[in-house]
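Right, one structure below, let's go through it.
As a basis for the values below, the full set of heavy atoms in this structure was taken, side chains included, without hydrogen atoms, waters or symmetry mates. Below, chain A is the first sequence line, B the second, and so on; all start at residue 1. Keep in mind it's a predicted model, so treat the numbers as computed, not measured.
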Protein chains: 2
Amino acid sequence: MIGDNTFVKEMNYKTVLDTIRTQRSVSRAELSRLTGLTRSTCSVICDRMLTQGIIIENGTIESTGGRPSIALQINNRAASVLGLKMMEGHIAAATVDLGGNIIIKHSQSIEPDLSSDAYLKRFEAFVTAIITQHNTAFPLIPMLGIGIGVGGRVSSDGVLLESSVLGWRNVALKQRLQERFALPVHIENDVNTFAIGEKFFGSGQLFDNFLCLSVGEGIGLGIVVNGKLLAGSHHGAGELGHTRVSYEPDSPRCACGKRGCLEAFASDAAVGQRYFARTGKKLGIDALLAAAEAGDEDARTVFSQMGTYLGIAVSSLVNLFDPEAVIIGGERTNAASHFMKDLRRAFEENTVYDLAREVQLIVLEPSNDEWIRGVAALAIGEFFSQAKRWGQ
Amino acid sequence: MIGDNTFVKEMNYKTVLDTIRTQRSVSRAELSRLTGLTRSTCSVICDRMLTQGIIIENGTIESTGGRPSIALQINNRAASVLGLKMMEGHIAAATVDLGGNIIIKHSQSIEPDLSSDAYLKRFEAFVTAIITQHNTAFPLIPMLGIGIGVGGRVSSDGVLLESSVLGWRNVALKQRLQERFALPVHIENDVNTFAIGEKFFGSGQLFDNFLCLSVGEGIGLGIVVNGKLLAGSHHGAGELGHTRVSYEPDSPRCACGKRGCLEAFASDAAVGQRYFARTGKKLGIDALLAAAEAGDEDARTVFSQMGTYLGIAVSSLVNLFDPEAVIIGGERTNAASHFMKDLRRAFEENTVYDLAREVQLIVLEPSNDEWIRGVAALAIGEFFSQAKRWGQ
DNA sequence: CACCTTTGTTCGACCCCCAAACTAAGTATT
DNA sequence: AATACTTAGTTTGGGGGTCGAACAAAGGTG
């Protein structure tokens with residue numbers, strides 16, 4: 001890693017931009033104090049950003065005995081990105097401004113069991129329609145990039161190496177879509193976008209080391225170390241669901257074919273199976289949750305068992321990573337009241353030292369839009385880190 | 001993170017120094033090609049290093065059609081550090097030059113069950129004697145720092161927060177010793193020094209993401225992510241031994257009091273216990289290894305079981321971190337021939353995707369001096385990263 | 001109304017790297 | 001043996017970044 005004046009300039013630019021973004025509204029003098037750069041340097045950098053239009057001056061901040069300062073803010077409406085989530089039989093999308101605010105949401109269903117090429121043809125038509133509509137409705141908010149979340153392993157150059165959800169292997173998504181739309185395209189594993197979104201917009205802004213646990217149909221993990229996503233050297237990091245948690249030969253069989261996977265203990269399907277084993281009744285996860293809400297003791301028990309398994313898994317993760325926080329999201333946070341108590345207990349019982357007291361367990365509110373800030377952060381983050389060169 | 005000219009200067013200095021170190025012998029022109037800096041800049045930086053004495057010119061490299069180049073090398077004998085390992089009842093020490101070469105080894109036994117203060121009094125006397133002897137014998141090789149490895153959790157400011165091996169809590173080691181010896185003192189968990197040593201001197205030089213597994217009396221893990229040790233936000237990362245690997249209520253009890261810990265399955269003691277359960281004979285680990293060597297089927301079986309458990313643990317780790325390599329060290333590598341086959345098999349069976357084929361499993365040769373390059377790298381690495389300011 | 005405080009700008013100085021020209025010291029060719 | 005060519009390392013001038021100090025702007029305070 002080497003550097004010169006340009007390197008320094010870009011680094012300081014990025015620091016100032018990040019500071020304005022995380023502070024939301026801040027003066028040049030305050031920027032100088034927060035970053036350690038001199039007031040003159042901050043002035044020069046901010047002038048550049050004002051010229052670019054990436055920030056705006058927004059009124060004055062009342063004086064504390066001297067000249068009042070000028071509030072600087074990210075110009076959220078300077079640009080937008082398109083965030084998408086690829087699922088089997090369904091594509092979700094949203095246009096989002098630089099502040100992460102949703103402009104318009106879109107949705108498109110797709111026939112199941114399509115080839116990747118047929119799927120992508122429909123995908124491209126969908127995206128084209130959104131972009132056209134956006135450019136008509138908001139001609140002053142240029143669309144700068146596309147962020148896509150997908151279940152599976154995605155290489156750093158945007159090849160979907162394998163996706164069990166979509167049933168694809170080795171699809172050069174990024175290259176194809178980038179050529180098609182002439183826009184920067186960023187693709188990531190969906191759980192990783194969760195972590196990226198938390199780092200950029202969510203509670204992860206406070207932490208440099210944290211874990212994002214996604215619970216629901218599968219069990220996923222996004223890892224942030226030293227402020228950066230830990231993707232792994234083959235982009236396969238964070239495979240928690242198929243970690244073997246039982247060495248017993250008769251442990252439950254997982255969908256992946258192996259035995260003893262965490263998903264065979266704590267996923268939606270596993271919860272349903274344990275309920276079936278207790279009662280002989282087959283219930284979907286929503287019905288099961290309703291039963292637990294209604295006071296069904298068997299349903300409550302299987303959810304609390306799920307909490308215990310997850311708690312042990314979290315304790316193992318905390319023993320390994322010693323993070324500042326563990327953020328729990330995913331669809332099944334709507335059952336948090338039925339599993340968090342046991343999760344927390346098992347976590348505390350199985351964590352070494354007294355880390356359990358120091359690590360924050362954060363449960364996100366159940367939301368259908370959680371994924372949006374992930375894919376938006378993916379594209380916006382990339383744009384911001386390139387912005388130093390914008391308009392040159 | 002901000003920067004100015006000084007920052008750039010120091011960064012480039014460090015890049016050049018690291019390149020010379022890892023290349024062992026390299027010309028200015030080659031440095032320019034490897035780092036991306038211009039020849040002129042490399043010349044200036046090398047001149048500074050030559051003046052400092054941290055590198056030397058060592059002959060010419062034969063011409064390939066032009067002016068022959070001058071070999072630059074780290075001046076290993078420019079300085080030395082003292083590396084120490086604190087154990088119960090025993091202190092091991094070695095003076096080491098900048099190239100990691102052992103100058104002299106020392107050893108000192110200490111009465112067991114001492115208070116931390118009594119232990120440290122003897123420790124200080126031992127260190128004083130070594131430094132005095134070193135300064136007499138090698139007056140031209142100044143001692144620049146002390147690196148210490150210890151079992152337990154060590155904070156970033158050098159407080160031994162807790163050590164089950166020594167039975168101490170909250171001992172401000174670094175502060176006390178630094179005041180006592182007027183030298184920079186660096187203290188780390190012993191498994192972390194293993195990882196640091198591998199990164200600095202060993203096969204870890206080739207990798208930016210790898211895991212160091214230490215097997216023996218306990219099971220330890222050192223983690224390197226993005227070229228840096230992952231210590232954790234409370235310096236508790238890498239606790240693998242007490243990860244729960246079995247959820248069964250009757251799983252073996254661990255020394256820590258809990259059930260189902262990995263150490264209760266795969267440590268020396270666990271291997272001995274399983275042998276006792278099979279045969280009714282109590283054997284120490286060395287005797288057990290000798291029995292396995294001699295063909296005792298029961299002994300061979302318990303070692304191969306140990307391999308299976310470790311293999312599953314390694315697969316879980318690889319699923320999480322997706323590293324480039326897993327380096328296996330520790331005393332029990334002397335039994336590698338009896339457990340690696342099963343370790344490898346269990347690893348391959350339980351790793352998701354086809355990562356098992358892409359991740360290198362490296363087994364270190366059994367050695368009594370393995371710890372030395374760890375603690376040496378701890379002190380030398382810190383010295384090198386400060387060297388840009390040396391003599392100013 | 002004079003003085004103080006704080007913000008933001010301007011300008012000269014410093015210094016780091018780079019590019020290009022230059023010197024040094026070999027090999028290859030004729 | 002002379003010349004051309006190649007590669008290594010040095011010297012020099014220029015560009016461009018941040019810094020520090022001085023200055024202008026705009027409010028409060030007594």
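Within 4.0 Å (heavy atoms only), B:Ser43 reaches at least one base atom of the nucleic acid.
With rounding to whole Å, A:Ile61 atom CD1 is found 16 Å from D:dA26 atom P. Distance, A:Arg28 CZ to D:dC19 P: 17 Å, rounded to whole Å. Between the P atom of D:dT7 and the CD atom of B:Glu30 lies a distance of 13 Å, rounded to the nearest Å. The separation between B:Leu34 atom CG and D:dA8 atom P is 12 Å, rounded to whole Å. Following rounding to the nearest Å, B:Leu72 (CG) and D:dA8 (P) show an atom-to-atom distance of 13 Å. Summarising the geometry, the separation between CD on B:Glu57 and P on D:dA8 is reported as 15 Å, rounded to the nearest angstrom. Whole-Å rounding puts the A:Glu62 CD to C:dT7 C1' distance at 15 Å.
Proximity of a side-chain donor or acceptor of B:Asn12 to a complementary backbone N or O of A:Gly3 within less than 3.5 Å is detected. Side chain of A:Gln52 to backbone of A:Ala387: a donor-acceptor contact under 3.5 angstrom is found. Remark: side-chain polar atoms of A:Ser32 are paired, donor with acceptor, to backbone N or O of A:Leu37 under 3.5 angstrom.
Between A:Asp47 and A:Thr64, it is A:Thr64 whose nearest contact on DNA chain C lies nearer the 5' terminus.
Considering only side-chain N and O atoms, B:Arg33 lies nowhere under 4.0 angstrom from the phosphate OP1 or OP2 of D:dG9.
Between B:Asp4 and B:Lys9 there is no salt bridge, since no side-chain N of the basic residue sits under 4.0 Å from a carboxylate O of the acidic one.
For the pair B:Asn209 and B:Phe321, the minimum side-chain heavy-atom distance is 4.5 Å or more.
Between B:Phe384 and B:Phe200, the angle of the ring planes lies from 30° to 60°, which puts this pair in the tilted group.
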Open item on the list: Using a 4.0 Å heavy-atom cut-off to protein, can you give one letter per nucleotide of nucleotides 14-24 of chain C, 5' to 3': B if the base is in contact, S if only the sugar-phosphate is, - if neither?
Closed with: -BSSSB----B
